[in-house]
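Beneath this line is the structure, given in structure tokens, with notes to follow.
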Amino acid sequence: MARRHWLLKTEPGSFSWDDLAKARVTGWDGVRNYQARNLMRDEMNKGDLVLFYHSNADPSAAVGVARVVRKGYPEAEEPTWSQVDIAPVRKLKHPVSLERMKVTPGLEGMPLLRKGNRLSVQSVSKEEFELVLKLGNAKE
DNA sequence: GCCAACGTTGGC
DNA sequence: GCCAACGTTGGC
């Protein structure tokens, strides 16, 4: 199966990129939304790449790349919910802010940019993923 | 801190 | 099954 690309939202106050970098492999548990759960349970596979996004941040931005190291599996405590395990790959040289993504041609289709979208696990296309990485590695 | 958008709950 | 009330998310 082709490698897929995702965006995971997190509030840096509860779990930030630095926390992930320190923890190395991290169980992405505690997600309590059915749509997000179904994506993790049914769609996310080992080797998939993840844009790590800080929401409710200053500024809200994609800050790093992570990788799925274990595909969806039930949470130990509450098996109706699912989790994946992720590990950091690398930090972006420059955070790519929400504002920047909004004005970048080619990213209009990202679920993140849809008004009112609160989903914490989102699918992004390969093209979108690579474009964000490009923005994150080149200076303005 | 505000509030729009969305998801969930529970009475009926 | 409908929908009002409530809670949460997250940009601003």
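Each chain gets a letter, A, B and so on, in the order the sequences are listed, and its residues count up from 1.
- When distances are taken from the side chain of A:Ser55 to each of C:dG11, B:dT8, B:dC6, the shortest belongs to C:dG11.
- Taking a cutoff of 4.0 Å between a charged side-chain nitrogen and a carboxylate oxygen, A:Glu75 and A:Arg32 qualify as a salt bridge.
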Residues A:Arg4, A:Ser123; criterion side chain to side chain contact (heavy atoms under 4.5 Å, CB included); working and verdict: CA-CA 8 Å; A:Arg4 298 191 57 179; A:Ser123 175; 3.3 Å; yes
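- Comparing A:Asn56 and A:Tyr34, the nucleotide of DNA chain B nearest to each residue sits closer to the 5' end for A:Asn56.
- A:Leu8 places its CG atom 16 Å from the C1' atom of C:dT9, with the value rounded to the nearest Å.
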Please enumerate all protein N or O atoms sitting under 3.5 Å from an N or O of nucleotides 1-4 of chain C, with distances to 0.1 Å.
none

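- Computed from coordinates, the A:Arg114 CZ to C:dG10 C1' distance equals 15 Å when rounded to whole Å.
- The interatomic distance linking A:Asn33 (CG) with B:dT9 (P) rounds to 11 Å, in whole Å.
- Here the two rings, on A:Tyr73 and A:Trp28, have centers that are 6.0 Å apart or farther.
- The nearest whole Å value for the distance from the CD atom in A:Glu11 to the C1' atom in C:dT9 is 8 Å.
- Neither OP1 nor OP2 of C:dG11 sits under 4.0 Å from any side-chain N or O of A:Lys9.
- By the 30° and 60° cut-offs, the orientation of the rings of A:Phe129 relative to A:His5 is tilted.
- Of all heavy-atom pairs between A:Ala62 and A:Leu92, the closest is O-CD1, 3.6 Å.
- Summarising the geometry, the separation between CG on A:Leu119 and P on B:dC6 is reported as 12 Å, rounded to the nearest angstrom.
- A chain of hydrophobic side-chain contacts below 4.5 Å, direct or via other Ile, Leu, Val, Met, Phe, Trp or Tyr residues, connects A:Val132 to A:Leu7.
- For the residue pair A:Asp48 / A:Trp6, a side-chain donor-acceptor distance below 3.5 Å is found, with atom types taken as modelled.
- Distance, A:Leu112 CG to C:dC12 C1': 15 Å, rounded to whole Å.
- Rounded to whole Å, the distance from CG on A:Leu7 to P on C:dG10 is 11 Å.
- In this structure, A:Lys115 does not reach the C:dG11 phosphate: none of its side-chain N or O atoms is under 4.0 Å from OP1 or OP2.
- Residue A:Arg32 contributes atom CZ, which lies 16 Å from atom C1' of C:dG7 at whole-angstrom precision.
- Between A:Tyr53 and C:dT9, a side-chain N or O to OP1/OP2 separation shorter than 4.0 Å is absent.
- Of the candidate nucleotides C:dG10, B:dT8, C:dC12, C:dC12 has the atom nearest to the side chain of A:Leu98.
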